[in-house]
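A short worksheet on the structure shown next.
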Amino acid sequence: MKVLIFGATGMVGQGVLRECLLDGGVDQVRTVGRHATGQQHEKLSEIVHGNLLDLTAFEDDFTGFDACFYCLGVSSAGMSETDYTRVTYDVTMAVARTLVRRNPGMTFVFVSGAGTDGTGQGRSMWARVKGRTESALLALPFRAAWMFRPAFIRPLHGIVSRTPAYRALYAVLGPLTPVLEALAPAWVTTTEKVGKAMLAVVRRGASKTVLENSDINALAG
Ligand SMILES: NC(=O)c1ccc[n+]([C@@H]2O[C@H](COP(=O)([O-])OP(=O)(O)OC[C@H]3O[C@@H](n4cnc5c(N)ncnc54)[C@H](OP(=O)(O)O)[C@@H]3O)[C@@H](O)[C@H]2O)c1
């Protein structure tokens with residue numbers, strides 16, 4: 001399997017990258033983002049590009065892939081709807097439209113989040129923007145597209161978030177997360193489970209296109 005990862009420097013993306021590099025069925029991994037991951041591996045190549053709204057110069061580098069794991073995203077805290085839409089919807093759709101044109105057999109996996117508003121009309125700004133993005137992705141002619149809606153993600157294997165507020169939150173909650181996971185397993189997953197579930201859904205599919213936290217954990221096995 002040949003895999004593209006967007007957002008591989010982030011908390012979710014680092015977890016997904018780790019599982020892809022460890023998986024014997026993944027032959028090639030290419031990360032794309034405005035920074036390199038800094039990792040070295042025989043399967044890994046990286047494209048560093050500051051403006052993902054325009055991928056014209058890189059289209060050939062994005063051709064011939066089986067799956068895209070799209071982990072790029074930002075917290076909406078302090079952002080206007082216009083700015084949040086630019087990163088969440090506009091960048092994602094610019095990438096996805098290029099990929100589907102070049103890779104009609106591709107499976108696309110998008111990370112949205114628990115509470116995403118599938119109607120795209122609700123009161124919560126982040127939830128409706130993510131919901132609109134999910135709907136637009138599901139309308140593209142990929143071989144398959146899956147929307148991942150994790151709730152609380154516990155970072156494992158030394159992985160840290162790029163977002164300072166999340167880093168602070170994890171520092172406080174860190175020691176409590178195994179307890180939280182035991183008490184409310186439907187609301188907690190891990191970076192490892194998210195990565196394993198992405199690989200599983202490409203291989204085996206799932207019974208629905210929108211996968212909530214418990215579906216992700218079940219897929220991860
Ligand atoms: N963390 C959680 O518990 C959680 C739970 C549910 C859903 N999610 C969702 O999962 C996704 C990833 O979250 P995360 O926790 O991994 O976040 P993170 O650690 O802050 O990482 C964000 C990633 O997105 C990239 N990125 C952000 N803005 C960008 C831009 N304008 N252009 C290019 N790249 C950009 C970052 O690249 P740089 O290295 O260049 O900054 C980084 O790779 C988000 O959509 C988030 O809503 C997270």
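Every number for a ligand or one of its atoms is a count from 1 in the order of the listing.
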Any N or O on [X] sitting closer than 3.5 Å to an N or O of ligand 1?
X: G10; value: yes
X: V12; value: yes
X: V74; value: no
X: Y166; value: no
X: G73; value: yes

For [X], counting its heavy atoms only, list the atoms of ligand 1 lying under 4.0 Å from any of them.
X: P150; result: 6 (C), 7 (C)
X: G7; result: 43 (O)
X: Y170; result: 1 (N), 2 (C), 3 (O)
X: V111; result: 9 (C), 10 (O), 45 (O)

Task: N-O pairing of D60 and R102 below 4.0 Å - done: yes
- [ ] Considering only NZ, NE, NH1 and NH2 on the basic side and carboxylate oxygens on the acidic side, decide whether R97 and E59 come within less than 4.0 Å.
- [x] no
Task: Beyond-backbone contact of L52 with H49, side-chain heavy atoms, under 4.5 angstrom - done: yes
Pairs of donor and acceptor atoms involving the side chains of residues 141-156, under 3.5 Å and at least two apart or interchain, shall be tabulated with distances.
unit_1, atom_1, unit_2, atom_2, d
R143, NE, G105, O, 3.4
R143, NH2, T107, OG1, 3.0
R149, NE, E134, OE1, 3.4
R149, NE, E134, OE2, 3.0
R149, NH1, T116, O, 3.4
R149, NH1, E212, OE2, 3.2
R149, NH2, E134, OE1, 2.7
R154, NE, E181, OE1, 2.9
R154, NH2, E181, OE1, 2.8

Solution key, residues 2-10 side-chain donor-acceptor pairs under 3.5 Å, sequence neighbours excluded:
none

Task: G38 versus E46, closest heavy-atom pair with distance - done: N-OE2, 3.5 Å
